[in-house]
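Sequential numbering from 1 along the given sequence is applied to the chain's residues.
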Amino acid sequence: MPSGIENTFLVVTIGGFVIGMLGNGFIVLVNCIDLVKRQKLSSADCILTGLAISRISQLWAILCDSFLLVLWPHLYAIDKLTKIVNSFWMLSNHLATWFATCLSVFYFFKVANFSHPCFTWLRWRIRSVVLVLLLGSLPLLFLNSESIYMFSHISTNSYKIYARNSMRSPNVSETHYLHQLIVFNFISLIPFLLSLTSLLLLVLSLMRHIRNLQLNPSSKDLSTEAHKRAMKMVMSFLFLFIIHVSSVLLTGWVFVKLQGRLAKLVVVLTSTVFPSSHSFILILGTSKLRQNAIGLLWYLNCRLKRVKSLAS
């Protein structure tokens with residue numbers, strides 16, 4: 001029977017899953033309705049839709065892992081099952097990370113203002129830039145496939161250790177696991193550096209724009225607010241991405257060093273923060289999504305008042 005801590009963990013995880021599904025599902029629904037109405041989607045909406053769908057898949061993988069941890073931990077002894085769950089998580093995590101990275105790069109090219117011909121050339125081909133980034137990330141996914149074997153093997157060994165209440169498994173190779181964690185960390189560093197570079201260039205573009213306004217006070221300020229919004233979006237992604245990657249790396253460290261099941265529950269719970277909370281930041285930061293969200297809340301509020309008036 002699950003303990004009180006494990007039941008609390010499961011309830012909180014389900015709550016994070018529901019919140020994430022509401023946010024990401026709302027993004028997909030709004031863009032799908034827009035696609036039906038207009039028969040096309042902008043580049044930003046395509047990226048947001050792909051990001052939301054990958055996040056939904058990621059949340060399902062985390063939920064399945066949570067139920068396995070609490071209710072059916074013995075299933076971790078089945079190596080094929082753990083490989084399927086970890087493969088599904090790895091794919092959805094990879095796509096979510098790179099869609100978010102593409103969104104950061106897209107904001108940079110759309111908002112920043114540089115006179116360099118290379119920047120102008122790339123700006124006019126932003127769709128191709130995003131497509132190249134997504135396709136270029138596929139080799140990194142194949143490089144990361146070894147991590148699937150690593151996490152699956154760790155999960156299987158961890159359950160065997162937990163089941164027989166021993167301290168260390170003779171089959172656990174710390175050097176091999178830590179090596180794979182370094183590889184995973186290096187692969188995660190690439191999208192992080194791309195987003196960080198986009199943020200720094202946005203800051204530079206904003207500084208140049210403010211300087212131009214000071215030199216030409218009569219010119220209209222139409223770009224400062226756009227810069228600030230884009231910077232907030234990229235900064236929120238970077239902050240949550242650091243938390244997410246840290247939780248993933250901590251999972252491997254907990255398994256290899258501590259061999260603790262309860263410690264992994266905390267780490268898995270932390271991993272729900274990124275896909276659940278980032279969707280609401282995107283909704284608040286995107287005018288179309290924000291307006292639709294306000295309209296939905298107003299409609300629900302009116303319906304609630306009407307129900308209360310009928311009940312009374």
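To the nearest 0.5 angstrom, Leu141 atom CG is 8.5 Å from Met90 atom CE. Taking CG from Leu95 and OG from Ser137, the interatomic distance works out to 7.0 Å, rounded to the nearest 0.5 Å. Here OG of Ser276 is found 6.5 Å from CD1 of Ile19. Values are rounded to the nearest 0.5 Å. Note: Leu133 CG to Phe99 CZ = 11.5 Å, rounded to the nearest 0.5 Å. Taking CD1 of Ile27 as the start and CG of Asn292 as the end, the distance is 11.5 Å to the nearest 0.5 Å. With rounding to the nearest 0.5 angstrom, the CG atom of Leu202 is 11.0 Å from the CE atom of Met235.
With a 6.0 Å radius and a threshold of 12 heavy atoms from other residues, nucleotides or ligands, Met21 has its CE atom above the threshold.
Residues Ala100 and Leu51 share a closest heavy-atom pair of N-CD1, 3.9 Å. Scanning both residues, Thr97 and Pro191, for their nearest heavy atoms gives CG2-CG, 3.7 Å. In plain terms, the two heavy atoms of Ser92 and Ser57 that are nearest each other are CB-CB, 3.8 Å. Closest approach of Gly23 to Ile283, counting heavy atoms only: O-CD1, 3.7 Å.
Ile33 has its side chain within reach of Leu29: a pair of non-hydrogen atoms, C-beta onward, lies under 4.5 Å apart. Considering only heavy atoms from C-beta on, Leu134 comes within 4.5 Å of Cys102 through its side chain. Using a 4.5 Å cut-off on side-chain heavy atoms (C-beta onward), Ile62 and Phe67 make no contact. Thr101 is not listed as a side-chain neighbour of Ile190, based on a closest heavy-atom distance of 4.5 Å or more. Contact check for Leu296 versus Phe26: side-chain heavy atoms found under the 4.5 Å cut-off. No side-chain heavy atom of Leu304 sits under 4.5 Å from any side-chain heavy atom of Leu300. Leu10 has its side chain within reach of Ser66: a pair of non-hydrogen atoms, C-beta onward, lies under 4.5 Å apart.
Connection of Leu189 to Leu199 is established within a shared hydrophobic cluster, with ILVMFWY side chains joined at heavy-atom distances below 4.5 Å, either directly or through further cluster members. Hydrophobic cluster membership differs between Leu138 and Val129, with clusters built from Ile, Leu, Val, Met, Phe, Trp and Tyr side chains linked at under 4.5 angstrom. Under a hydrophobic clustering in which Ile, Leu, Val, Met, Phe, Trp and Tyr are joined whenever their side-chain heavy atoms come within less than 4.5 Å, directly or via other members, Phe17 and Val12 fall into the same cluster. Note on Val18: it clusters hydrophobically with Ile53, by side-chain heavy-atom contacts below 4.5 Å among ILVMFWY residues. By the rule that hydrophobic residues join a cluster once side-chain heavy atoms approach within less than 4.5 Å of another member, Leu297 and Val30 end up as members of separate clusters.
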(request) Output, in order, the C-alpha distance, side-chain angles, deciding distance and verdict of side chain to side chain contact (heavy atoms under 4.5 Å, CB included) for Leu103 and Leu282. (result) CA-CA 10 Å; Leu103 191 62; Leu282 293 174; 3.6 Å; yes

(request) Any chance you could lay out the side chain to side chain contact (heavy atoms under 4.5 Å, CB included) test for Phe109 and Leu201, step after step, and finish with the verdict? (result) CA-CA 10 Å; Phe109 280 110; Leu201 290 174; over 6 Å; no

(message) Show, in sequence, the C-alpha distance, side-chain angles and deciding distance for Phe88 and Trp60, and conclude whether the ring-ring contact (aromatic ring centres under 6.0 Å, His included) test is met.
(response) CA-CA 9 Å; Phe88 186 60; Trp60 276 108; 9.1 Å; no

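Sorted by first then second residue, the side-chain hydrogen bond (donor to acceptor under 3.5 Å, both in side chains) pairs that include residues 122-136, not counting sequence neighbours, are Ser43-Arg127. Sorted by first and then second residue, the pairs that involve residues 37-62 and meet salt bridge (Lys or Arg N to Asp or Glu O under 4.0 Å), not counting sequence neighbours, are Asp34-Arg38, Asp45-Lys288.
Between the Asn31 side chain and the Leu41 main chain, no donor and acceptor come within less than 3.5 Å of each other. Checked by atom type and distance alone, the side chain of Asn93 never pairs as donor or acceptor with a backbone atom of Trp89 at under 3.5 Å. Panel note: side chain Ser195, backbone Phe192; no donor-acceptor pair is recorded below 3.5 Å.
Under the side chain to side chain donor-acceptor pair (under 3.5 Å) criterion, Ser54 pairs with no residue, sequence neighbours left out.
Note on ring orientation: taking the six-membered ring where Trp is involved, the planes of Phe119 and Phe108 are perpendicular (angle over 60°, cut-offs 30° and 60°).
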